[in-house]
There are 2 protein chains.
Amino acid sequence: MRLDIEALRVLDVVIQEGSFAKAAAKLHKAQSAISYQIKKLEQQFDVPIFDRSSYRAELTPQGRALWQEGRQLLQQAIRIENLADHYSKGWEPTFELVIDGALPLEPVMRAMKALAEKEIPTKIQIKVEALGGVQMRFDQDEANMMLVVDYTPSPKLNAIPLPEVPMILVTSKDHCLAQQKEVDLNQLLNYVELTIHDTSELPTSKLDSLQFGGDKVFYLHGFDSKKTCLLMGLGYGWMPLSLIETELACGELVEVDYTSSRHAFTPKLVHSAELPLGKAGELILSEVLSEFEALSR
Amino acid sequence: MRLDIEALRVLDVVIQEGSFAKAAAKLHKAQSAISYQIKKLEQQFDVPIFDRSSYRAELTPQGRALWQEGRQLLQQAIRIENLADHYSKGWEPTFELVIDGALPLEPVMRAMKALAEKEIPTKIQIKVEALGGVQMRFDQDEANMMLVVDYTPSPKLNAIPLPEVPMILVTSKDHCLAQQKEVDLNQLLNYVELTIHDTSELPTSKLDSLQFGGDKVFYLHGFDSKKTCLLMGLGYGWMPLSLIETELACGELVEVDYTSSRHAFTPKLVHSAELPLGKAGELILSEVLSEFEALSR
DNA sequence: ATTACCCTATCAGTTAAATCGATGGAGATG
DNA sequence: CATCTCCATCGATTTAACTGATAGGGTAAT
């Protein structure tokens, strides 16, 4: 394979400019260099590309077909150079973010939307896991970042605390618990608890610290469906305050009168302390940060 | 743009072989040449492609991403070389065949089917025109070949006569004409004549010599629909004998008892006498020829 | 530990490719 | 006819690619 990209570029310019001489001028080369390159192509391909019998060299049908294929190759070459340029400027080729499914996904999704509008060269992957599964996936995939409530600290990991997410224990206004005063744990256990499902396949090593431990538990896949279930009066459960402000204001959801019906946790953005974040990482960091700040207000 | 295909090939082989040294052996080059090429790539891209800190050089994420893009470029390069190889062996990039719609299309279609099974590198285009439109299109498109009943001869055109196509004037067994003996022209003009539509947009210069000139004429788009109309008893018309042999045998269609109810024309394959046919042209020629031979038997 | 390999980087020298500048022939232009 | 512009070709020159040898590590088996 002796095919030369430069030769294809010369061919392309010659065709666009209409003559060898003009192409030479445009490429800042001598006209003989153009002749040489075209001739080389013709010899390599063993196909006449130009018909020189008339005054101006004219493309042969074969030449035209090869030119069209060549343009695609040039496009691909430009693509590669652009990519390399991005990488050299600090963009990661790919960026994987693992999220704890117990966290509200909305701010992350909003951050991703904001990022998508900036046309980042980095391919971003997001994986949602839960509890132990988060760090497992982070380690296994050598992911770039994880967004967690809890993790095993290590000197190799760098954690950036996000603003607190206030949580509130609520139920539907039509649920029995809504009427009760000074609810105690035993009473809670009589009703259906709504919680987020653990996506990890392994037997969970740590228990969800926010779970009450009753025998009627509904495991859901996100706060969206949890909210729907709460509104249906299915049971009670923790919700991020920000997600149900309107429902609390209009009275559709009410706070359970439990000893500690308020709670807050601090999500953390964790990444490897060794290799620094690239441009995409920094961007994601700041976007997620600002979305969570909006959430805590 | 000084991206070099050879460098990408070297990168690809290095990755596949797992080391610079093995790649050097496979490419029949000195190991230093491999080092040189990889280094050149890294300098051009300003991106580290291999991590040399450990014993064997390991791909960086950027290197992997660029490699994957590079492979696509290599594929495209191979594609171009294959094409050129085909062209140099006499395959035309494209082949355009213009057919007179008054001819039976079936043998041409069968020829194309046979060709398709041979995986020809040539892109074949077929355009169906009629009467004057055929040669007009042939000239205008600078088509490679045309299949005609009639054409304006020229020293620049080379015509190959195909076997005669016997035509027969038929109608349905239930049509009035089927019962009549010694039909004359005036009687014919009372009934609906079925004929093939002229696809040329221009006012037809020459008249269809096989048309009777009555005022009840149905213009159809091919012998298939013409046959259907005949079987329905809509009228009478010329058909290639070979296409209606079974219907004649079982009596569904009958020959009109007209003075000259038999006729034969000689289709011709016409191509430029100046530039010789390429491999695709020769193939098409022989395929069409053999299909028409089958038709005339 | 010692030895024998195998990895990659680097350097000086060689070879081959790309390019330049000049020249010439042939069609277009006016 | 003179003058352009087009392209091919040739010798000279610059530049890029490659070789072969050497050196600095790491690996793996004894």
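Chain letters run A, B, ... following the sequence lines, proteins first, then strands; residues in each count from 1.
Rounded to whole Å, atom P of D:dA17 lies 12 Å from atom CD of A:E6. Atom P of nucleotide D:dA17 and atom CD of B:Q43 are separated by 11 Å, given to the nearest angstrom. Atom-to-atom, CG of A:D4 to C1' of D:dA16 comes out at 12 Å; the value is rounded to the nearest Å. Protein atom CG of A:L27 is 9 Å distant from nucleotide atom P of C:dT19, rounded to whole Å. The CD1-P distance, from A:I38 to D:dT9, rounds to 14 Å in whole Å. Atom CD in A:E17 sits about 12 Å away from atom P in D:dC7, given to the nearest Å. If you take CD1 of B:I34 and P of D:dT19, they are 8 Å apart, rounded to a whole angstrom. Put simply, CD on A:Q37 is 16 Å from P on D:dT9, counting in whole angstrom units.
Other residues, nucleotides and ligands contribute over 12 non-hydrogen atoms within 6.0 Å of the CD atom of B:Q140. Counting heavy-atom neighbours within 6.0 Å of B:R52 CZ, excluding the residue itself, gives a total above 12. Counting non-hydrogen atoms of neighbouring residues, nucleotides and ligands closer than 6.0 angstrom, the CZ atom of A:R110 exceeds 12 such neighbours.
Between B:K40 and D:dA16 there is no side-chain N or O to OP1 or OP2 distance below 4.0 Å. Applying the 4.0 Å criterion to OP1 and OP2 of D:dA17, one finds that B:K29 has every side-chain N and O outside that range.
Rounded to 10°, the angle separating the first-five-pair axis and the last-five-pair axis of the helix from C:dA1-D:dT30 to C:dG30-D:dC1 equals 30°.
For A:Y151 and A:F138, the distance between ring centers is not under 6.0 angstrom.
At a threshold of 4.5 Å between non-hydrogen side-chain atoms, the residues A:T122 and A:K279 do not count as touching.
Remark: A:E142 CD to A:E96 CD distance equals 10.0 Å, nearest 0.5 Å. Between the CG atom of A:L157 and the OG atom of A:S272 there is a distance of 7.0 Å, given to the nearest 0.5 Å.
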Nucleotide N/O of nucleotides 6-13 of chain C paired with protein N/O under 3.5 Å:
residue	atom	partner	partner atom	Å
C:dC6	O2	B:Y55	OH	3.0
C:dC7	O4'	B:Y55	OH	3.4
C:dT8	OP1	B:F20	N	3.4
C:dT8	OP2	B:F20	N	2.7
C:dT8	OP2	B:A21	N	3.1
C:dA9	OP1	B:R52	NE	2.5
C:dA9	OP1	B:R52	NH2	3.0
C:dA9	OP2	B:S35	OG	2.8
C:dA9	N7	B:Q31	NE2	3.3
C:dA9	N6	B:Q31	OE1	3.0
C:dT10	OP2	B:K39	NZ	3.0

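Considering only residues two or more places apart in sequence or on other chains, A:K118 meets the salt bridge (Lys or Arg N to Asp or Glu O under 4.0 Å) condition with A:E287.
In summary, of the residues considered (A:I126, A:L289, A:I124), a side-chain contact (heavy atoms from CB on, under 4.5 Å) with A:I284 occurs for A:I124 alone.
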